[in-house]
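FYI, the numbering just counts along the sequence from 1.
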Amino acid sequence: MHPRWVGPVLWVWLVVEFVGSGISPWATYLSGLLLLAGCGGLAAGLFATRQDDHAGLVAAA
């Protein structure tokens, strides 16, 4: 399972990317860091699960 903070980080990324980038040029850099952190957290959650857990997720889909 992914870390619980990934969802809120990706929501904040969405707001910073589309609202903040029109306000400040630094928002582009912040949005890049937020996207990297969110996707990195999802990837870490996938790598942390066991291989047999993935088979159950695929069978459930």
Item to check | Co-membership, hydrophobic cluster, residues V15 and F18, 4.5 Å side-chain | outcome: no

Checklist entry - Any idea which heavy atoms bring S21 and A27 closest together, and the distance? => result N-CB, 3.6 Å

Checklist entry - Counting only heavy atoms not in W5, do more than 12 fall under 6.0 Å of its CH2? => result yes

Checklist entry - Under a single-linkage definition using a 4.5 Å side-chain heavy-atom cutoff for Ile, Leu, Val, Met, Phe, Trp and Tyr, are L36 and L10 assigned to the same hydrophobic cluster? => result no

Next on the checklist: With clusters defined by side-chain heavy atoms of hydrophobic residues (ILVMFWY) lying less than 4.5 Å apart, directly or transitively, does V19 cluster with L14?
Outcome noted: no

Item to check | Test side-chain contact (heavy atoms from CB on, under 4.5 Å) applied to W13 and L33, L30, L35, the passing residue | outcome: L35

Checklist entry - Looking only at heavy atoms, what is the nearest atom pair of G41 and P3, with distance? => result O-CD, 3.3 Å

Next on the checklist: For the CG atom of L34 and the OH atom of Y29, what is their distance to the nearest 0.5 Å?
Outcome noted: 15.0 Å

